[in-house]
Amino acid sequence: MIVTTMNDIPGYEVDEVFGEVMGLTVRSRHVGSQLGAQLKSIVGGELKGMTKALVDSRRDVMQRMIDEAEAKGANAIIAMRFDTSEMGATWTEICAYGTAVLVHKS
């Protein structure tokens with residue numbers, strides 16, 4: 001599966017557009033990570049536990065988006081984006097979305 005943030009893929013032609021596909025997850029931070037983050041914010045530095053959680057979440061939503069595209073018959077996703085938002089004090093929503101297409105090498 002080719003996934004790109006570009007609106008086209010150099011060297012490929014789009015044969016069919018299947019429409020928007022997405023992968024979504026909502027993650028909750030546990031109390032321990034919140035306390036650690038609050039303490040770390042006082043002294044500064046990277047919040048490694050939270051960084052790992054976001055990297056894992058992005059990987060998960062990418063795979064969900066790819067699975068949806070494959071189910072539609074696509075072999076590529078163009079104009080892929082991530083969207084992240086906070087839901088309340090402890091929930092984070094992560095979404096990957098793009099346009100599922102069928103391409104061939106030109």
Verify the cluster assignment for [X] and [Y]: are they in a single hydrophobic cluster under the rule of side-chain heavy atoms below 4.5 Å apart?
X: Phe82; Y: Ile77; result: yes
X: Val21; Y: Val103; result: no
X: Met1; Y: Val14; result: no
X: Trp91; Y: Leu54; result: no
X: Val101; Y: Ile66; result: no

**OP:** Would you mind listing every salt bridge (charged side-chain N to carboxylate O under 4.0 Å, His left out) that reaches into residues 49-61, with sequence neighbours excluded?
**Re:**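 Pairs touching residues 49-61 that pass the test: Arg27-Asp60, Lys52-Asp56, Asp56-Arg59.
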Subject >> salt bridge (charged side-chain N to carboxylate O under 4.0 Å, His left out) contacts in which one or both residues fall within residues 8-19, not counting sequence neighbours >> reply: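 Listed once each, the pairs would be none.
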Does any N or O in the side chain of [X] come within less than 3.5 Å of the main-chain N or O of [Y], such that one atom is a donor and the other an acceptor?
X: Arg64; Y: Met22; value: no
X: Asp83; Y: Cys95; value: no
X: Thr99; Y: Gly19; value: no

Original post:
Roughly how far apart are Arg81 CZ and Thr5 OG1, rounded to 0.5 Å?
Top reply: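 So the gap between those two atoms works out to 5.5 Å.
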Original post:
Would you say Asn7 and Ile78 make side-chain contact, with heavy atoms under 4.5 Å?
Top reply: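 Side-chain contact under 4.5 Å: no.
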Original post:
Testing Met65, Lys72, Glu70 for side chain to side chain contact (heavy atoms under 4.5 Å, CB included) with Glu68, which one passes?
Top reply: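 Going through the options one by one, the only one that passes is Lys72.
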